[in-house]
Amino acid sequence: MNPVARIAVWLFIIAFGALAAAAQEGEEREGGIIGTGIVGTVTEIGSIYVNGQHIMFDPDLVVSDSLDVVTAGDLRPGHTVAVIAQPEGEIWRATYIRQVLPLVGPVDEIDGQHMTILGTEIRAAGRIEGVSVGDWIAVSGLWHDDDIRATKLAAVPEDKRQAQISGTFLGRDNQGRVVIGDTAVFGMDLLHLAPGDVVRATGVVAPDGIQALRFETGLFTQPVRIMQVEGYLSVPQPDGLYTILGSGLVAYTRRPEMISTSQKVIQCGAGGALGEVPGEALQDSETRQAAKKLNCGFRD
């Protein structure tokens, strides 16, 4: 039995204002800010609920960058995805879905509810069964400190076995390596990374990490106007910087002892900043209404 079969689906969801699906891809290629984001837990599939938001989708909608699903109708509890949607009355309708996987690679160690992939510990909700050292696993879930709280574990087909990671960069280790969790990322120009950036890398297995062949920052290729995020806060850095891991949204605190990293939170942000949404992010009434619908606080 899948150890996380009872866990609800984790979704990274971009709810995109008034543009039609056909226009979205062109606008993303050309640049610009593209909309609103929701991150949270889905308790139903087909029609899904995330942070209380009702989101519909065509079950035949193709899922991009997928390993174990093909269409939206194939989504199952525990999958992690990124969705672009547009408002439809009181609900949202998805027009684009991309599978997001915090980590993909071969199992190094396994013990009960824990296993290690590419140097990072994975914690499942129950005892891990049917998985052996050397098996390739695609991990869905949320980053918590340097490990991942898994919501679904899926075997990787032989023809799709490329190491992958998607997570928050917070600094280098004592060897000067870029690390996401406890996974080192090698082989690309990573000099311009800033703490809090979301790193997405695909490549081949290297000692304790990934030799990256493709490297991107951010959950999406273009920034969204507003995000609502559910996840775990990071431990504040010496300068006070902290983030919701995997979100790309950062904030600063003068009282790091007040930041709890043990419980999931739901917070909003815009322009890479965690917290209240500034008025300049609300350029039209539809976006402002979306912020209100998502219960995102904002300042004029």
Side-chain angles (χ1 to χ4, degrees), residues 9-16 33-42 50-53 55 65 79-85 97-103 120 139-151 164-171 178-181 183 185 193-201 216-237 240-253 256 259-278 281 290-291 294-298:
V9 184
W10 285 97
L11 290 187
F12 294 87
I13 296 181
I14 295 304
F16 182 35
I33 296 175
I34 61 172
T36 302
I38 307 170
V39 181
T41 305
V42 173
V50 181
N51 298 346
Q53 304 299 313
I55 303 169
D65 298 333
H79 280 128
T80 308
V81 297
V83 181
I84 297 175
I97 300 177
R98 176 174 61 82
Q99 187 173 20
V100 177
L101 296 163
L103 200 60
T120 288
V139 180
S140 296
L142 292 178
W143 286 95
H144 177 268
D145 199 8
D146 290 332
D147 60 65
I148 297 170
R149 303 298 170 90
T151 55
Q164 296 183 34
I165 193 166
S166 178
T168 299
F169 168 75
L170 288 171
V178 169
V179 288
I180 309 299
T183 298
V185 183
L193 282 177
D197 283 350
V198 172
V199 172
R200 292 187 290 133
E216 299 172 290
T217 58
L219 283 174
F220 290 85
T221 56
Q222 301 296 333
V224 295
R225 185 170 288 118
I226 304 171
M227 292 183 70
Q228 183 198 63
V229 180
E230 180 178 17
Y232 292 98
L233 295 174
S234 66
V235 175
Q237 300 295 291
L241 179 146
Y242 67 98
T243 183
I244 295 181
L245 293 169
S247 73
L249 300 175
V250 301
Y252 291 85
T253 180
I259 303 299
S260 173
T261 62
S262 61
Q263 300 295 322
K264 290 190 293 291
V265 299
I266 297 176
Q267 295 187 20
C268 295
L274 183 64
E276 290 188 336
V277 178
L294 296 175
N295 296 316
C296 291
F298 53 87

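- When all heavy atoms are compared, the tightest approach of Leu142 to Gly231 is CD1-CA, 4.2 Å.
- Under the salt bridge (Lys or Arg N to Asp or Glu O under 4.0 Å) criterion, Asp197 pairs with no residue, sequence neighbours left out.
- For Thr183, the side chain to side chain donor-acceptor pair (under 3.5 Å) test picks out Thr120, with sequence neighbours left out.
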| said: Checking Val179 against Asp146 for the side chain to side chain contact (heavy atoms under 4.5 Å, CB included) test, could you report, in this order, the C-alpha distance in whole Å, the side-chain angles of both residues, the deciding distance, and whether it holds? | reply: CA-CA 10 Å; Val179 288; Asp146 290 332; over 6 Å; no
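- For Val178, the side chain to side chain contact (heavy atoms under 4.5 Å, CB included) criterion is met by Phe169, Arg172, Val185, Leu190, Leu193, not counting sequence neighbours.
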| message | As a quick check of understanding, evaluate side chain to side chain contact (heavy atoms under 4.5 Å, CB included) for Tyr242 and Thr253, giving each step before the final call. | response | CA-CA 8 Å; Tyr242 67 98; Thr253 180; 3.8 Å; yes
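- Judged as a side chain to side chain contact (heavy atoms under 4.5 Å, CB included), and not counting sequence neighbours, the contacts of Ser166 are Val100, Val198, Arg200.
- Looking at every heavy atom in both residues, Leu249 comes nearest to Ala270 through CD2-N, 4.3 Å.
- Within the 3.5 Å criterion, the main-chain N or O of Thr243 finds a donor-acceptor partner in the side chain of Ser234.
- Closest approach of Val277 and Gly269 over heavy atoms only: CG2-O, 4.2 Å.
- The two atoms that bring Gly240 and Pro236 nearest to each other are O-CB, 4.3 Å, heavy atoms only.
- Closest non-hydrogen pair, Ser247 versus Val229, comes out as CB-CG1, 3.9 Å.
- Shortest non-hydrogen contact noted between Leu101 and Ser140 is CD2-OG, 3.6 Å.
- By the side chain to side chain contact (heavy atoms under 4.5 Å, CB included) test, Gln267 pairs with Leu233, Ile244, Val265, Leu274, sequence neighbours left out.
- Among residues two or more places apart in sequence or in another chain, the ring-ring contact (aromatic ring centres under 6.0 Å, His included) test is passed with Tyr232 by His144.
- Between Arg149 and Asp147, the closest side-chain pair of non-hydrogen atoms falls below 4.5 Å.
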